[in-house]
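What follows is a short report on a single structure.
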There are 2 protein chains.
Amino acid sequence: MFGFTTISIDAKGRLAIPAKYRDQLRSQNEESIAVTRDPQYPALKIYPGSIWDSISSELQSLQGLDPIVRNLQWTILGNASVSSFDPKGRMLILLPSELQDYAEIKKPEKVSIIGMGNKFEVWNEKNWEMRQTGGALSTEILEVVLPESLKKISF
Amino acid sequence: MFGFTTISIDAKGRLAIPAKYRDQLRSQNEESIAVTRDPQYPALKIYPGSIWDSISSELQSLQGLDPIVRNLQWTILGNASVSSFDPKGRMLILLPSELQDYAEIKKPEKVSIIGMGNKFEVWNEKNWEMRQTGGALSTEILEVVLPESLKKISF
DNA sequence: GATTGAGTTGATCTATAAGCCGGATTCTGT
DNA sequence: ACAGAATCCGGCTTATAGATCAACTCAATC
């Protein structure tokens with residue numbers, strides 16, 4: 001699950017996982033995915049089911065009053081949306097409008113899906129090109145020194 | 001896998017791995033290769049399957065909230081493209097246009113393939129000559145102090 | 001000079017993404 | 001409670017990009 005593809009979101013906010021990624025998910029016995037916010041950039045993250053399970057449970061188990069941790073919990077856990085294969089073997093995601101807004105995605109518009117191995121990122125196409133060419137983004141959300149408790153989780 | 005060859009990219013962006021490298025890959029039981037960006041220079045890297053597996057999994061396991069790590073993950077994982085032997089025993093790569101742009105490769109044009117032992121590099125022929133004669137390249141992309149976590153990975 | 005293997009180019013075919021449409025279900029307002 | 005409207009969900013069609021297949025040319029070797 002590497003490399004990137006640009007696909008389009010239809011007028012209803014639906015997004016279809018490209019076949020090459022879908023097949024790999026299926027071959028790894030993943031049956032679902034979770035979409036949520038990227039805590040740092042105006043982008044979305046897609047985690048395969050098993051990865052999501054471990055990340056979300058690790059995040060949930062963190063206690064304490066550290067504002068950064070709580071922020072991450074809100075951002076990541078509070079915005080997640082789970083999808084799975086449809087009867088025809090396809091995988092459609094209906095992107096909640098809050099996530100669309102967050103990632104600055106207007107429909108219908110092109111988005112880039114970036115395969116990072118064990119997860120994907122979804123970017124507004126223009127923002128992704130900006131990133132790739134080193135341009136400045138309008139927003140970079142989280143810029144902090146990470147507490148020890150978060151360092152072992154690879155978001 | 002050492003030495004140097006120049007081959008050509010056709011109008012469709014196809015690139016054929018030369019036989020001498022192919023045979024070595026096969027004799028080492030490598031069944032696939034991964035092409036991706038070189039993080040420092042306008043060039044591409046080709047890793048044999050097993051090498052790619054270890055590099056990519058190490059990269060994935062790093063904490064992605066670190067901006068430098070994240071950048072490397074984007075550059076290397078997000079631009080990778082995996083190919084394998086075709087039924088005829090040859091190995092063709094369809095170079096994504098973004099990688100062509102990155103390495104400043106226009107088609108049809110000659111590229112240089114440099115064997116570096118456990119990996120290859122692909123350069124625009126002119127840029128490679130520049131490099132060899134000590135001339136300045138138009139771009140050097142990544143110029144940073146590497147965090148400890150990255151030093152053990154040999155890209 | 002002939003033959004073989006390799007690099008390169010051209011042509012065809014298949015899978016798939018994208019857009020469109022219609023049915024079903026839910027929500028809302030009267 | 002009912003009707004209208006909007007939204008959601010699956011099916012279908014078409015254009016396209018990727019993959020496979022095939023052929024040609026050049027170079028090297030015997």
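What's counted below: heavy atoms across the whole structure, side chains too, no hydrogens, waters or symmetry copies. Letters A, B, ... mirror the listed sequences (proteins, then strands); counts begin at 1.
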(request) Using a strict 4.0 Å threshold on nitrogen-to-oxygen distance, state whether A:Lys126 and A:Glu129 make a salt bridge. (result)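 Judged by the 4.0 Å cut-off on N to carboxylate O distance, A:Lys126 and A:Glu129 do not form a salt bridge.
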(request) Give a yes or no on whether a salt bridge exists between A:Arg131 and A:Glu121, defined as a side-chain N under 4.0 angstrom from a carboxylate O. (result)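 Answer for the salt bridge query: no.
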Which nucleotide wins on minimum distance to the side chain of [X], given the candidates [options]?
X        : options               : answer
A:Arg14  : D:dT20, C:dG7, C:dC21 : C:dC21
A:Lys12  : C:dT16, C:dC21, C:dT8 : C:dC21
A:Ser8   : D:dC9, C:dG19, C:dG7  : C:dG19
B:Lys110 : C:dG7, C:dT8, D:dG10  : C:dT8

Atom [atom1] of [X] to atom [atom2] of [N]: distance rounded to whole Å?
X       : N      : atom1 : atom2 : value
A:Asp23 : C:dA17 : CG    : C1'   : 14 Å
B:Glu98 : D:dA17 : CD    : C1'   : 13 Å
A:Lys20 : D:dG18 : NZ    : P     : 9 Å
A:Tyr21 : D:dG18 : OH    : P     : 12 Å
B:Met91 : D:dA19 : CE    : C1'   : 15 Å
B:Leu15 : D:dG18 : CG    : P     : 16 Å
B:Asp86 : D:dC21 : CG    : C1'   : 10 Å
B:Lys88 : C:dG5  : NZ    : P     : 15 Å

(message) Please report the interatomic distance CD(A:Glu125) to CD(A:Glu104), rounded to the nearest 0.5 Å.
(response)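 The distance works out to 14.0 Å.
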(request) Could you check whether A:Leu92 gets within reach of a base, just the sugar-phosphate, or nothing at all, counting any heavy atom under 4.0 Å? (result)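 Nothing, no heavy atom under 4.0 Å.
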(message) Within the 4.0 Å heavy-atom criterion, would you say A:Ala16 contacts the bases, only the backbone, or no part of the nucleic acid?
(response)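 The answer is nothing, as A:Ala16 stays clear of every strand by at least 4.0 Å.
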(message) Can you see whether B:Ser50 engages B:Glu30 through a side-chain donor-acceptor pair at a distance of less than 3.5 angstrom?
(response)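 Looking only at side-chain atoms, B:Glu30 and B:Ser50 do form a donor-acceptor pair, the distance falling under 3.5 Å.
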(message) Looking at A:Arg90, I'd like to know whether one of its side-chain N or O atoms comes within less than 4.0 Å of OP1 or OP2 on C:dA18.
(response)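 No, because none of the side-chain N or O atoms of A:Arg90 sits under 4.0 Å from OP1 or OP2 of C:dA18.
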(request) May I have the step-by-step check of side-chain contact (heavy atoms from CB on, under 4.5 Å) for B:Arg37 and B:Leu99, ending in yes or no? (result) CA-CA 7 Å; B:Arg37 294 191 181 190; B:Leu99 288 184; 3.7 Å; yes
(message) Nearest heavy atom decides the nucleotide; on that basis, is B:Ile7 or A:Arg22 closer to the 5' end of DNA chain C?
(response)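 Final value for this comparison: B:Ile7.
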